[in-house]
A.B. asks: 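After the C-alpha cells below, expect a handful of questions from me.
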Amino acid sequence: MAAQIWGSEKRARRRREISAKIAQMPELHDSKPLPFMTREEKIMESARKLTILTEKMGQIIDPTDPAELYHLNNEVLGLEGNPMALHGVMFIPALSAQASDEQQAKWLPRALRREIIGTYAQTELGHGTNLQNLETTATYDLATQEFVLHTPQITALKWWPGNLGKSSNYAVVVAHMIIKAKNYGPHPFMVQLRDEKTHEPLPGITIGDIGPKMAYNIVDNGFLGFNKYRIPRTNLLMRHTKVEADGTYIKPPHAKINYSAMVHVRAYMLTGQAIMLASALNIATRYSSVRRQGQIDKSQPEVKVLEYQTQQHRLFPSIARAYAFQFAGAETVKLYEHVLKEMKSGNVSLMADLHALTSGLKSVVTYQTGEGIEQARMACGGHGYSMASYISEIYGVAIGGCTYEGENMVMLLQLARYLVKSAALVKSGQSSKLGPLVAYLGVKSEPTSLIDRIPNSGFTEYVKTFQHVSKRQTLKAADMFFGLMEKGEKREIAWNKCSVELNRASRLHTRLFIVEAFVRRVNEIADIRIKEALTDLLHLHVNYELLDIASYALEDGFLSASQLDYIRDQVYLYLGKIRPNAVSLLDSWEFSDIELRSVLGRRDGNVYENLFKWAKSSPLNKTDVLSSVTQYLKPMMEKARL
Ligand SMILES: CCCCC/C=C\C/C=C\C/C=C\CCC(=O)SCCNC(=O)CCNC(=O)[C@H](O)C(C)(C)COP(=O)(O)OP(=O)(O)OC[C@H]1O[C@@H](n2cnc3c(N)ncnc32)[C@H](O)[C@@H]1OP(=O)(O)O
Ligand SMILES: Cc1cc2nc3c(=O)[nH]c(=O)nc-3n(C[C@H](O)[C@H](O)[C@H](O)COP(=O)(O)OP(=O)(O)OC[C@H]3O[C@@H](n4cnc5c(N)ncnc54)[C@H](O)[C@@H]3O)c2cc1C
C-alpha cells in the first residue's frame, strides 16, 4: 500500500531508509517538543537543523530528488516551515521557469549550493489577489540601463512573502514594469536585499517580519519597501519577456507565463495537503483504537471509541479523501511537469487547461483537508485540543493553503471562466473542440442515474452521475450568466451576480476529477489484496461524496429518493467494511513518530503515560509556585482575607 501511496516500491523503500537514517541522527531531532518553544527558539532550532542538513543531506538522500527532499524536510524540519522554505518552494522554481539560460547560469548554482537564500515577493499590504493593481513599480532608466524599484505608498509594501523578513538575502520581486512612461504590467525581477557578508539590509531597502500568525510561525513572513532602489536591466527575468538596452519590450508567448511559479506550487501542494490530512487522521485513528469510553452493549466492557459508527463516519470518509487527493495530486504533478517542458520549448497551448485544473483542485483539496483535520481533532475529544495531539498545528498549516497561492473563491472563479467557455462551445454545437477534461460536458446523459440498477457496473454509473451533476450545474450557471448579458447587463456585473452558482460548478467539476483519478488508480492496481482494500475505500468515497452533493442530482430527478437510500446504506456498509483496515490504511503512509510529533498519535499507542510525561515537561511546571501567583494572585487573596 505504501508503494501505491508514494508512487512505487522504490520510493516507499527509500522513505523507510531515510526515516531510519534520521532516527539514528539525534542532532536532527527536535531538542524539545515544538509547542514548548517560543517563536524565536523554534526559528533558532530550525536554522540549526537546516545547517546540519545542508552539510549532511547527501549522506541521507539524493538531493536532486524533490520527493526525497520533501520527505527529509517533513521529518526533520516539520510542517511549521523553516527559514528557507520559500527558497525551495518558489525562489528556485521561479528562477528555473522564468530566468534565461544565461541568468540561470549566474544565479541557480549559487541558490542550489545555498550561498544565497531567496524568496518570492509578490503580495503587498494592499493587494494580493488582484495582481494588476500591485503598486510596486520598476521604472526603466534608459541612461543607466537600470530598473528603479519603488514603493510609492504604504499599501505598496510587499507583505506576506515567506522568509522575506529575516532570512532571505535575495528575492524574485514582482513589480509593474514601466518603460518610457508605459506600464507593461507585473513582471518578476531578481533583487538583492541584504549585504552578502553582513546580512544587513542594503541602502534603499526597508525590511522586517510581519509578526506571529495562526500557524507557520517558524517562517518569517515579511514586509519589504523600496526607496528608488536600483537594479541592472539584466535582473528582469528574461526567459520569456525581454527588455533591450534601448527599452524595446519583447512580449512573452503567453500573457500569463510569468505566473508559472504560482502554478508550480498549486500543482505540488495537493500531495502536501493529502499528507497533512493523512497525518491528522493517523493520529486520530490510532488514538481512537486506544481510547476506551462507554459501552455499545451494556453487558460488555468499554469499547474503543473507533467502534462507534459516528466516529467511523467522522474519520473514514476523510481517509478516502486523503488517498483520493494523493492520487489526484500525483496525476497533476505529472501534467504540470509535462506542460512545463512544453512551455520551455515554446508550446504554451496547455497552460489554460493546467491553470483551470490546478485552480479548482487547490481550492477543493485545501478546503476539504481543513474540514477533515478539524473533524480528526474533535474525534480525539479533550486530548485533541491539547498541543500534545499536534493536530491544531497541522490544521493551522493546512488551512493556510486556502489562502496562499490564490484565495480559494478567486481560484474557483478562474476555473469557472474555463467552464463557461466550454459551456459556450457546447451551446454553439462545437463540443468536438472541448478539451479532454471537459469532454463530458458535450456528452448526452441518460435521463436517470443507473446506480443500483446495473449489477457489477463497477464505478461507471457513479462517474456518470458525477458527470451529470457537474454538467448540469455548469450549463445552468453559464445560462444564468449569458441570460443576464442578453438582458443588457455588463459582462463583469453579470459575472458577479452568478459567481456563487459558477463556483458551485467549479467545485462539482473538481470533485468529479478527483473521483475519476481515484477510479483510474484503482483500475491500474494488479495486487489483489491492495486492490480490494482500495476498492472498499473508493466505494465509501463515491457514495459519501454523492450523498454530500445529492441535492444537485435530486432536483432534476436524476437520482430518486430510493437511490439515495441505497447510497446511504452503501456508506454504512463500507464504514463497517473499512473498520478492520482503518489503522493500517493510515499506517501505510509510514509516518514516523519523529515526523508526526504527536503524543496521541504514537505508533506504540502508549498514550496516557506519555501525556503525563509531556505535561510534566511544561515550562510552567519547572516551579510549584509561579511568580504570577507570588506577585499578583497571592497578594490579592491575602487582601481579600483581611
Ligand atoms: C514544491 C513543493 C510545494 C509544496 C507546497 C507546500 C507548502 C507551501 C508552503 C508555504 C506557502 C508557499 C507559498 C505561498 C506563496 C504565495 O502565496 S505567492 C502569491 C500567490 N498569489 C496569488 O496566487 C495571486 C492570485 N491571483 C492570481 O493568480 C491572478 O491575479 C488572477 C486571479 C489569476 C487574475 O490575474 P489577472 O492577470 O488579473 O487576470 P486577467 O483577469 O487579466 O486574466 C484572466 C485570464 O488569465 C488566465 N490566467 C490567469 N492565470 C493564469 C495562469 N497561471 N496560467 C494560464 N492562464 C492564466 C485566466 O485563465 C484568464 O483567461 P481567460 O481566457 O481570459 O478566461
Ligand atoms: C501562510 C501564507 C503564506 C504566504 N506566502 C506568500 C509568499 O511567499 N509570497 C507572496 O507573494 N505572498 C504570500 N502570501 C500571500 C497570499 O498569496 C495572499 O494572501 C493570497 O493570494 C490572497 O490574497 P489577499 O490576501 O489579497 O486576499 P483578498 O483578495 O484581499 O481576499 C479577501 C476576500 O476577498 C475575496 N475576493 C478578492 N478578490 C475577489 C474577486 N475578484 N472575486 C471574488 N472575491 C474576491 C476573497 O475571496 C476573500 O474572501 C502568503 C499568505 C499566507 C496566508
Side-chain angles (χ1 to χ4, degrees), residues 2 6-37 39-93 95-96 107-119 162-163 166-170 194 196-197 199 216-220 268 271-272 275-276 279 390 393 397 589-598 602-603:
W6 301 113
S8 67
E9 273 183 29
K10 183 176 165 232
R11 282 234 171 281
R13 196 179 54 250
R14 282 294 296 150
R15 283 186 94 261
R16 253 170 255 152
E17 287 165 5
I18 293 165
S19 299
K21 278 189 196 160
I22 295 167
Q24 300 305 317
M25 299 173 83
E27 68 275 29
L28 291 180
H29 304 173
D30 301 340
S31 57
K32 61 179 170 180
L34 292 174
F36 291 142
M37 293 188 203
R39 187 166 176 224
E40 286 80 355
E41 282 173 332
K42 282 187 192 181
I43 293 173
M44 186 68 106
E45 172 75 347
S46 187
R48 177 187 73 75
K49 289 186 286 185
L50 191 67
T51 347
I52 301 174
L53 279 188
T54 304
E55 290 284 309
K56 299 194 177 170
M57 195 182 314
Q59 298 166 26
I60 312 170
I61 60 160
D62 167 5
T64 62
D65 183 330
E68 294 199 2
L69 202 54
Y70 192 69
H71 177 51
L72 181 73
N73 267 353
N74 274 357
E75 285 248 357
V76 178
L77 301 171
L79 295 171
E80 296 182 50
N82 66 76
M84 286 183 72
L86 265 288
H87 183 79
V89 169
M90 284 199 93
F91 180 64
I92 290 177
L95 290 180
S96 306
W107 296 315
L108 259 185
R110 298 196 73 206
L112 290 167
R113 281 197 301 269
R114 300 187 170 182
E115 272 179 42
I116 58 173
I117 302 176
T119 182
N163 308 127
K166 296 288 163 189
S167 309
S168 300
N169 51 4
Y170 281 78
R194 291 173 178 271
E196 283 195 24
K197 286 206 179 89
H199 204 67
Y216 262 136
N217 279 306
I218 301 184
V219 180
D220 46 313
Y268 272 90
T271 49
I275 289 171
M276 286 189 271
S279 303
Y390 206 61
E393 192 64 50
V397 170
W589 292 68
E590 300 187 336
F591 301 122
S592 69
D593 281 347
I594 291 177
E595 184 175 4
L596 276 188
R597 292 176 166 81
S598 171
R602 294 167 59 94
R603 184 170 279 270

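Quick caveat: nothing in here was measured; it's all calculated off a predicted structure.
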A.B. asks: For the residue pair Glu75 / Ser592, report whether a side-chain donor-acceptor contact shorter than 3.5 Å exists.
C.D. replies: yes
A.B. asks: Are Arg597 and Glu393 within salt-bridge range, i.e. N to O under 4.0 Å?
C.D. replies: no
A.B. asks: Quick check for you: to the nearest 0.5 Å, what is the distance between Met37 atom CE and Ser31 atom OG?
C.D. replies: 4.0 Å
A.B. asks: Could you list the residues that satisfy side chain to side chain contact (heavy atoms under 4.5 Å, CB included) with Ala47, not counting sequence neighbours?
C.D. replies: Pro83
A.B. asks: In chain order, what residues pass the salt bridge (charged side-chain N to carboxylate O under 4.0 Å, His left out) check against Glu17, with sequence neighbours excluded?
C.D. replies: Arg13, Arg14
A.B. asks: Which pairs would a plain distance check flag for residues 53-60, meaning a side-chain donor or acceptor within less than 3.5 Å of a matching protein atom at least two apart in sequence or in another chain?
C.D. replies:
| from | atom 1 | to | atom 2 | distance (Å) |
| --- | --- | --- | --- | --- |
| Thr54 | OG1 | Leu50 | O | 2.8 |
| Thr54 | OG1 | Arg114 | NH1 | 2.8 |
| Lys56 | NZ | Glu27 | OE2 | 2.7 |

A.B. asks: For Val89 and Tyr268, run side-chain contact (heavy atoms from CB on, under 4.5 Å): C-alpha distance rounded to whole Å, both residues' side-chain angles, the deciding distance at 0.1 Å, then the answer.
C.D. replies: CA-CA 9 Å; Val89 169; Tyr268 272 90; over 6 Å; no
A.B. asks: Return the minimal non-hydrogen interatomic distance between Ala23 and Ile594, and the atom names on each side.
C.D. replies: CA-CD1, 4.0 Å
A.B. asks: Should we say atom CE of Met44 is surrounded by more than 12 heavy atoms from elsewhere, each under 6.0 Å from it?
C.D. replies: no
A.B. asks: So, are Arg48 and Glu45 salt-bridged, with charged N and O less than 4.0 Å apart?
C.D. replies: yes
A.B. asks: Mind checking what makes side-chain hydrogen bond (donor to acceptor under 3.5 Å, both in side chains) contact with Arg39, not counting sequence neighbours?
C.D. replies: Asp209
A.B. asks: Please round to the nearest 0.5 Å and tell me the distance separating atom OG of Ser279 and atom CG of Leu596.
C.D. replies: 5.5 Å
A.B. asks: Tell me, please, which residues at least two apart from Asp593 pass side-chain hydrogen bond (donor to acceptor under 3.5 Å, both in side chains).
C.D. replies: none
A.B. asks: Could you work out, with side-chain hydrogen bond (donor to acceptor under 3.5 Å, both in side chains) as the rule, every residue matching Glu590, not counting sequence neighbours?
C.D. replies: Arg16
A.B. asks: Which atom names give the shortest non-hydrogen contact between Ala67 and Asp65, and what distance separates them?
C.D. replies: N-OD1, 2.9 Å
A.B. asks: Ignoring hydrogens and geometry, is there a side-chain-to-backbone donor-acceptor pair from Ser167 to Met84 under 3.5 Å?
C.D. replies: no
A.B. asks: Counting distance only, does the side-chain N/O of Arg194 pair as donor-acceptor with the main-chain N or O of Asn169 below 3.5 Å?
C.D. replies: no
A.B. asks: Please give me the minimum heavy-atom distance between Thr119 and Gly162, naming the atom from each residue.
C.D. replies: OG1-O, 2.6 Å
A.B. asks: Strictly distance-based, threshold 3.5 Å: is any side-chain N or O of Asp30 a donor or acceptor partner for the main-chain N or O of Pro33?
C.D. replies: no
A.B. asks: Rounded to the nearest 0.5 Å, what's the gap from CD1 on Ile117 to CG on Leu86? Could you check?
C.D. replies: 11.5 Å
A.B. asks: In Å, rounded to the nearest 0.5 Å, how long is the span from CH2 of Trp6 to CD1 of Ile275?
C.D. replies: 4.0 Å
A.B. asks: So, Lys49 side chain and Val76 main chain: donor-acceptor pair closer than 3.5 Å or not?
C.D. replies: yes
A.B. asks: Quick one: side chain to side chain contact (heavy atoms under 4.5 Å, CB included) partners of Pro66, sequence neighbours excluded?
C.D. replies: none
A.B. asks: With sequence neighbours left out, what residues match Asn163 under side-chain hydrogen bond (donor to acceptor under 3.5 Å, both in side chains)?
C.D. replies: Asp220
A.B. asks: Can you name the salt bridge (charged side-chain N to carboxylate O under 4.0 Å, His left out) partners of Arg602, sequence neighbours left out?
C.D. replies: Asp604
A.B. asks: Rounded to the nearest 0.5 Å, what's the gap from OH on Tyr216 to CG on Leu79? Could you check?
C.D. replies: 8.0 Å
A.B. asks: Sequence neighbours excluded, which residues qualify as salt bridge (charged side-chain N to carboxylate O under 4.0 Å, His left out) partners of Asp62?
C.D. replies: none
A.B. asks: Got a sec, which residues hit salt bridge (charged side-chain N to carboxylate O under 4.0 Å, His left out) with Arg110, two or more places apart in sequence or on another chain?
C.D. replies: Glu115, Glu196
A.B. asks: Start with the C-alpha gap between Tyr390 and Leu34, add the side-chain angles, then the distance that decides, and say whether side-chain contact (heavy atoms from CB on, under 4.5 Å) holds.
C.D. replies: CA-CA 9 Å; Tyr390 206 61; Leu34 292 174; 3.6 Å; yes
A.B. asks: Within this structure, what is the CG-CD1 distance for the pair Asn74 and Ile22, rounded to the nearest 0.5 Å?
C.D. replies: 10.0 Å
A.B. asks: Could you pull out the closest heavy-atom pair between Gly81 and Val219, with the gap in Å?
C.D. replies: CA-CG2, 3.6 Å
A.B. asks: Which residue pairs pass the ring-ring contact (aromatic ring centres under 6.0 Å, His included) test with at least one member in residues 57-89, sequence neighbours excluded?
C.D. replies: His87-Phe91
